[in-house]
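Within every chain, numbering begins at 1; the chains are lettered A, B, ... in the order of the sequence lines, protein sequences first and strands thereafter.
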Amino acid sequence: MTSVRVRYGPSPTGEPHVGNIRTALFDWLLARRFGGQFIVRIEDTDQSRAVEGTEELILDALRWLGLDWDEGPDIGGPFAPYRQSERLPLYLEAAERLLREGKAYRCDCTAERLDALRKSQQQAKQPPGYDRRCRELHVNAGVDHVVRLAMPLDGHTIVNDHLRGDVSFQNALLDDHVLLKRDGFPTYHLASVVDDHHMEITHVIRGEEWLSSAPRHVQTYAALDWDQPVWVHIPIIRGPDKGKLSKRHGATSIRQYAEQGYLPEALLNFLALLGWSKDETTTIMPREEITAHFSLDGLGLSSAMFDIERLQEMNARYIRDLEPSDFLQRGRPHLQQALGRPLSDPELDSLLPITPAIQERVKLMPEFVDYTDFFFTSGPLSYTNAELMGRAYKNKPWQALESVEASLECLRHLHDSAWSAPTLESALRELAAQRGEKPGAVFTPIRVAATGKRIAPPLFETLETLGQPLTIQRLNHAAERLARPDD
RNA sequence: GGGGCAUUCGUCUAGCGGCCUAGGACACCGCCCUCUCAAGGCGGAGAUCAGGGGUUCGAAUCCCCUAUGCCCUACCA
């Protein structure tokens, strides 16, 4: 088997979509698994749909996911250039050869005629398609025209799909599609075939929506007398409504997932499992394990729904498994943004002891802020007295106050060296026992006073990290508030 | 309208003729643990393998038909 060469051919028409990127992922996995090359080729043959700057967005998405390419528009390669708009002579050459050999022809039918034709065909319940008016007309090269492939009129075209086997199409139902547009640019049908051939692409992996037009590509290869690549049409990704996943379904661009706090390795794992599986039981696999086991044979045939809950779960799992210092670095930008100021390394590192406890609570990176911002705010925290009192002291501000004062008394007397989670815990538990109260009753006001929230990391580790002075200060503030309940 | 593809728990899937009274994961429910929230442990419910015909000693697995869903049907990719 010759070495694997696969290409990802995005159109720079917008943000890279998860469905699209999943195709890139399979390309990349195949290349990496078999020591081949992964090529990025920009398919910008539709000038009207091009959106400025999206090429860079696409490359950024690939980088973010860690899908590195061996040849591409930015780094070049032996088959440069890697932008179709820069390869026009190649398409022209192929089209001219086809014209010369009578396998393609010029067509000067107007858009109006084609529209009218389509309408009448639809009304007459006929399959729509070009009626081949110009096929025998020998349109002059001087007039405005397109070039169409002269498809076989009868018989069948077989597409040998690697996953499905032979798929047969009746030629009578296929029309003479356009290869070269009026503006001199090729259509996808011509450009992809010409480039795949010249770039020595061995496997064409693309979405199932292309299967219907695959016979056109097969015929184009045949007309050009070139060998076909291996066709691999992978199932489409569906949205929650079962339709093809699209913008209507909410977040679909890779950038959005990055911003929402998904880890690239989690998204990669999740996407890989949309249509591929390693074995009966494995779901969590680091990139290396996926690349070590990936093969086309593990691909499924039915379209998969994009289940955001599963992605979230997987993300939480990956977050939990991060090295604490790595987790902190990834959380840093979110926290800095919320705080509105940069954080120094020592500040960030002060969180290290409590970080594992935070990791198991964070599902999406921005939530990191909820569990840590109070460590770095200086003014009074905002919370209600009801939150402070919790369930045990509900509507009993004086009891809550007593409790807080007792805690204050207890904590004030701890020596510096004793300010650690274990001693804090035993001291406060003892206090609760002495007062004949449930631990939770005593702990809740402390938690709210210290963090400003009812949901926070484990209390004693939190207090340890917060430090004695700040803890005392915040408890004092809480006591003041409880003393005048009607604020 | 035509053509193509697909069809296993709600979801992602394992299964490629006997190992399946169909396995795993997420979600869900219950219990345990417990300072909030999580995480974790244990257990549970959940799929007559879309339906119907065949082939076979034996079918989720092979063949046919039907149904449903999706995709395509552009001088877009």
Side-chain angles (χ1 to χ4, degrees), chain A residues 9-11 13 20 43-46 48-49 107 109 111 114-115 118 121-130 145-148 159 161 164 167-170 173-175 177-183 185-189 191-192 206-215 233 235-236 238 240 242-244 270 273-284 297 300-314 316 320 356-363 370-371 390-391 425 428-429 432 438-444 446-448 451 453-460 462:
Chain A
S11 295
T13 53
N20 232 319
E43 312 215 329
D44 55 349
T45 56
D46 186 350
S48 63
R49 290 207 316 155
C107 164
C109 290
L114 262 19
D115 282 346
R118 211 179 345 265
Q121 284 168 331
Q122 274 164 0
Q123 272 172 3
K125 303 274 190 206
Q126 296 289 313
Y130 180 58
H145 66 272
V146 301
V147 173
R148 291 179 182 273
V159 176
D161 180 83
R164 290 162 244 270
V167 180
S168 173
F169 296 83
Q170 217 183 315
L173 268 17
L174 268 13
D175 69 351
H177 60 280
V178 172
L179 297 176
L180 219 49
K181 297 183 267 188
R182 198 169 291 254
D183 63 3
F185 276 66
T187 58
Y188 170 88
H189 305 305
S192 69
R206 59 190 1 177
E208 193 182 345
E209 70 268 25
W210 288 105
L211 186 56
S212 297
S213 45
H233 293 95
I236 273 165
R238 292 180 294 124
K242 313 275 190 188
K244 188 175 165 187
F270 173 76
L273 254 23
L274 239 42
W276 177 80
S277 63
K278 178 193 164 199
D279 55 35
E280 296 192 8
T281 54
T282 315
T283 52
I284 301 293
D297 301 324
L301 292 183
S302 52
S303 48
M305 185 192 289
F306 191 93
D307 182 2
I308 192 77
E309 299 222 313
R310 191 162 187 244
L311 206 211
Q312 273 196 24
E313 198 325 292
M314 208 170 265
R320 263 178 265 140
I358 294 173
Q359 276 177 255
E360 69 184 42
R361 288 165 172 74
V362 171
K363 307 224 179 302
D370 300 329
Y371 290 106
R391 281 192 57 203
E425 175 159 14
L428 289 170
R429 279 189 190 284
K438 286 183 177 172
V442 176
F443 298 167
T444 297
I446 304 177
R447 173 179 304 105
V448 174
T451 67
K453 321 178 187 227
R454 356 178 35 147
I455 297 174
L459 184 59
F460 312 109
T462 299

Query raised in the report: Does a side-chain N or O from A/Thr444 land closer than 4.0 Å to OP1 or OP2 of B/C35, or not?
Result: no
Report task. Give a yes/no on whether any side-chain N or O of A/Arg310 is located under 4.0 angstrom from OP1 or OP2 of B/A25. Result -> no
Query raised in the report: Can A/Asp161 and A/Arg164 be counted as an ion pair, charged N to O under 4.0 angstrom?
Result: yes
**Report entry** Earlier contact from the 5' end, RNA chain B, for A/Ser277 and A/His145
**Finding:** A/Ser277
Query raised in the report: Which value, in whole Å, describes the distance between the C1' atoms of nucleotides B/U21 and B/C63?
Result: 27 Å
Query - Note, A/Arg310 side chain near A/Leu273 side chain (heavy atom, < 4.5 Å) - result: yes
Report task. Measure distances between side-chain N and O atoms of A/Arg164 and base N and O atoms of B/C5, and say whether any donor-acceptor pair falls under 3.5 Å. Result -> no
Query raised in the report: Is any side-chain N or O of A/Lys242 closer than 4.0 Å to OP1 or OP2 of B/U11?
Result: yes
**Report entry** Integer angstrom distance from the P of B/A14 to that of B/A45
**Finding:** 25 Å
Query raised in the report: Looking across every strand, which nucleic acid part, if any, lies under 4.0 Å from A/Ser212 by heavy atom: base, sugar-phosphate, or nothing?
Result: base
Query - B/C9 versus B/A25 - spacing of their C1' atoms, nearest Å - result: 12 Å
Report task. Verify the contact: side-chain N or O of A/Arg391 to OP1 or OP2 of B/U36, cut-off strictly under 4.0 Å; return yes or no. Result -> no
Query raised in the report: If you look at every strand shown and take non-hydrogen atoms under 4.0 Å, does A/Thr45 touch a base, only sugar-phosphate, or nothing?
Result: sugar-phosphate
Query - Pairwise C1' distance, B/G3 and B/C20 [rounded to whole Å] - result: 37 Å
Query raised in the report: When the P atoms of B/G44 and B/G51 are considered, how many whole Å apart are they?
Result: 27 Å
Query raised in the report: Does A/Glu43 offer a backbone N or O that forms a donor-acceptor pair with the side chain of A/Ser11 under 3.5 Å?
Result: yes
Query raised in the report: What is the distance from CE of A/Met305 to C1' of B/A6, rounded to the nearest Å?
Result: 15 Å
**Report entry** Spacing of the C1' atoms in B/U36 and B/C12 (rounded, Å)
**Finding:** 33 Å
Report task. Determine the Euclidean distance between corresponding C1' atoms of B/A22 and B/U48; express it in Å to zero decimal places. Result -> 12 Å
Requested in this report: Could you check whether A/Gly390 gets within reach of a base, just the sugar-phosphate, or nothing at all, counting any heavy atom under 4.0 Å?
Outcome: nothing
Requested in this report: Using the P atom as the reference point in each nucleotide, state the distance between B/A27 and B/U73 in Å, no decimals.
Outcome: 38 Å
Report task. Report the distance from atom CD of A/Gln126 to atom C1' of B/G3, rounded to the nearest whole Å. Result -> 14 Å
Query raised in the report: Run the side-chain contact (heavy atoms from CB on, under 4.5 Å) check on A/Met305 and A/Lys242 step by step: do they pass?
Result: CA-CA 7 Å; A/Met305 185 192 289; A/Lys242 313 275 190 188; 4.0 Å; yes
Query - Check: A/Arg238 side chain, B/C70 base, donor-acceptor under 3.5 Å - result: no
Requested in this report: For A/Leu459, report the nucleic acid contact type (base, sugar-phosphate, nothing); a contact means any heavy atom under 4.0 Å.
Outcome: base
Query raised in the report: Within less than 4.0 Å of OP1 or OP2 of B/C76, is there a side-chain N or O belonging to A/Lys181?
Result: yes
Requested in this report: Determine: side-chain N/O of A/Ser192 to OP1/OP2 of B/A77, distance under 4.0 Å, yes or no.
Outcome: no
Query - Gap between atoms CD and P, on A/Glu280 and B/G24 respectively (whole Å) - result: 10 Å
Query raised in the report: Side-chain N or O of A/Lys278 less than 4.0 angstrom from OP1 or OP2 on B/A14?
Result: no
Query raised in the report: Sub-3.5 Å donor-acceptor pair from the side chain of A/Thr13 to the main-chain atoms of A/Arg49, do we have one?
Result: no
Report task. Please check if the side chain of A/Glu209 supplies one atom and the backbone of A/Ile236 the other of a donor-acceptor pair under 3.5 Å. Result -> no
Report summary line: From CD of A/Glu313 across to C1' of B/G40 the rounded distance in Å is 13 Å
